[in-house]
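All of these numbers come straight from a predicted model, not from anything done at the bench.
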Amino acid sequence: MIIRNNIIDSLKGFAILLMVFGHLIQFTSIDNSYLSNPIYIFIYSFHMPLFMMISGFFFSKSLNQRSLNNVLNNRVVTVLLPYFSWTTIFIIIWFVLKGNNLSFLELLLKYFETFLFVSKLWFLWVLFICILLTSLNIYIQRYIGKISIFFLLLFIYLLPETEMLGLINIKYMFPFFILGYCNNKYYNKLNKWIPYISGISLLLYPIMLFFWEKENFSFVIDFKNIEPIIYKYITAFSGILMIIFVFKKIYTKFQFNYLERIGKNSIAIYIISDYFIELMSYLKFLIPNNYFYNSLIFLILTLLIAEICLIIEKLLNKNKIIAFTLFGKRSKKLSL
């Protein structure tokens, strides 16, 4: 389970670097060859669920220190505001690259479509909805007790299977957010089981990963064919536990100061790296068709992109209004 120390920031740093690496593999590949890339399969079997689980942990931990209304207000600023701000920037850039040959109505439709189908920065949107759903569950608990979470999960899985408003991603990711939330809330009770669960995950995850198929990249939850989604949940959860277990063991001997720094600024890297990866998709003809060299180049590019993103974030944060609008960073003058 998630540990209560700086290993969480290291995990976030590790996960965001995996995301950049995975995106580089995906958007520079030809004919969907990335779907059979073992590194890509490893990354996408657990890394976004890991992010969501960590987010659930932090949300629960915040409730130990502040009221629910205060925490929700904070998440509106730090999660929802950057989502809308950067998506608007994306649409403006898209409009400029189109040569301004679009009518106001076409631009408005593009704006509406981008938000309706959550085609950019989907994780921030899904994260905020998971926070809202969990908050709703907290309110409901006052009337029907802890069983309310089961009714909430049932409600989510009965929602239509569509990409509109990110419902597909929400349905798949919400259980991981709840696991992170419960991990913090019931840490003392779960602590004695962690060595056993971690040991099982070390054996289970490699076995589950061996049977990974291309169809498992989909987030579709089909109750008529429930085996694939159960397989995906078990694979992701065991992968998360294995990574946490390994990090915990290594962290006692080495301090991941670099990963901690990356992890504390993971949202900025998540947002800004998208533009560099888009650029790389146009330069994929420069990438050699060799698995070893590809991996080495992508590793160097991943570290380089992460550092550039942090530099850009630092420059943008010099202006308090921009820092607030783009990253939800509050100053004393802007505090709400």
- Task: Starting from the C-alpha separation in whole Å, work towards a yes-or-no answer on side chain to side chain contact (heavy atoms under 4.5 Å, CB included) for F276 and L301.
- Result: CA-CA 10 Å; F276 291 100; L301 284 174; over 6 Å; no
- Message: Let's go through W122 and I168 carefully: what are the C-alpha distance in whole Å and the side-chain angles of both, what is the deciding distance for side chain to side chain contact (heavy atoms under 4.5 Å, CB included) to 0.1 Å, and is it a yes or a no?
- Response: CA-CA 11 Å; W122 66 268; I168 285 180; over 6 Å; no
- Could you check I262 against E307 for side chain to side chain contact (heavy atoms under 4.5 Å, CB included), going step by step and ending with a plain yes or no? CA-CA 9 Å; I262 295 293; E307 288 301 325; 4.2 Å; yes
- Task: Check step by step if side chain to side chain contact (heavy atoms under 4.5 Å, CB included) holds for F247 and L259.
- Result: CA-CA 11 Å; F247 258 76; L259 289 180; 4.0 Å; yes
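Note: F123 and Y270 have perpendicular aromatic rings, judged against thresholds of 30 and 60 degrees for the angle between ring planes. A perpendicular orientation is assigned to the rings of W125 and F84, their planes being inclined by more than 60° (bins at 30° and 60°). Ring-plane geometry between Y205 and F42 is classed as perpendicular, the angle between the planes exceeding 60 degrees on a 0 to 90 degree scale with a lower cut at 30.
Note on L179: it clusters hydrophobically with I138, by side-chain heavy-atom contacts below 4.5 Å among ILVMFWY residues. Note on L315 and I305: separate hydrophobic clusters, where clusters join Ile, Leu, Val, Met, Phe, Trp and Tyr whose side-chain heavy atoms are under 4.5 Å apart, directly or indirectly. Two different hydrophobic clusters hold L203 and I200 under the rule that ILVMFWY side chains link at heavy-atom gaps under 4.5 Å. Following chains of ILVMFWY side-chain contacts shorter than 4.5 Å, one can reach L116 starting from I129, so the two form part of one hydrophobic cluster. No continuous path of ILVMFWY side-chain contacts below 4.5 Å connects I300 to L303, so the two sit in separate hydrophobic clusters.
Cation-pi geometry between K12 and F51 is not satisfied (NZ or CZ under 6.0 Å from the ring centre, within 45° of the ring normal). Judged by a 6.0 Å distance limit and a 45° cone about the ring axis, K329 is not positioned over the six-membered ring of F324.
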Name the atoms and distances for all side-chain donor-acceptor pairs under 3.5 Å in residues 14-30, with sequence neighbours left out.
unit_1	atom_1	unit_2	atom_2	d
H23	NE2	Y44	OH	3.1
Q26	OE1	Y40	OH	3.0
T28	OG1	L24	O	2.4
S29	OG	Q26	O	2.9

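For the atom pair CZ (F128) and CG (L133), the distance works out to 10.5 Å, reported to the nearest 0.5 Å. Here the straight-line distance linking atom CD1 of I272 with atom CD1 of I267 works out to 11.5 Å at 0.5 Å rounding. Separation of atoms CH2 (W86) and CG (D274) is listed at 10.5 Å; rounding is to 0.5 Å. I131 contributes atom CD1, which lies 9.5 Å from atom CG of L80 (distance to the nearest 0.5 angstrom). Interatomic distance, L124 CG to T78 OG1, rounded to the nearest 0.5 Å: 9.5 Å. Between the CG atom in L35 and the CD atom in E213 there is a gap of 12.5 Å [rounded to 0.5 Å].
N74 is not listed as a side-chain neighbour of F59, based on a closest heavy-atom distance of 4.5 Å or more. Side-chain atoms of I39 and S295, non-hydrogen and from C-beta on, do get closer than 4.5 Å to each other. Side-chain contact check for V126 versus M52: some heavy-atom pair is nearer than 4.5 Å. Using a 4.5 Å heavy-atom cutoff, the side chains of L132 and L136 are not in contact. Contact check for E313 versus L310: side-chain heavy atoms found under the 4.5 Å cut-off. Looking only at side-chain heavy atoms (C-beta outward), L241 and F237 come within less than 4.5 Å of each other.
Judged as a salt bridge (Lys or Arg N to Asp or Glu O under 4.0 Å), and not counting sequence neighbours, R66 has no contacts.
F46 and A236 get closest at one heavy-atom pair: CB-O, 3.8 Å. Nearest heavy-atom pair across S201 and P206 is O-CD, 4.0 Å. Across T87 and Y83, no two heavy atoms sit closer than the pair OG1-O, 2.6 Å. What you find for I240 and M53 is that their closest heavy atoms are CG2-SD, 3.7 Å. In terms of heavy atoms, S273 sits closest to C309 at N-SG, 3.4 Å.
The backbone N or O of I322 sits nowhere less than 3.5 Å from a side-chain atom of T325 that would complete a donor-acceptor pair. Between the side chain of S85 and the backbone N or O of L326 there is no donor-acceptor pair closer than 3.5 Å. The backbone N or O of S33 sits nowhere less than 3.5 Å from a side-chain atom of N37 that would complete a donor-acceptor pair. Not one N or O on the side chain of Y258 forms a donor-acceptor pair closer than 3.5 Å with the backbone of G13. In this structure, Y231 contributes its side chain and M208 its backbone to a donor-acceptor pair below 3.5 Å. Under the 3.5 Å distance criterion, the side-chain polar atoms of S60 are left unmatched by any main-chain donor or acceptor of F57.
A centroid separation of 6.0 Å or more is found between the aromatic rings of Y181 and F177. Aromatic rings from Y233 and F176 are positioned such that their centres are separated by under 6.0 Å.
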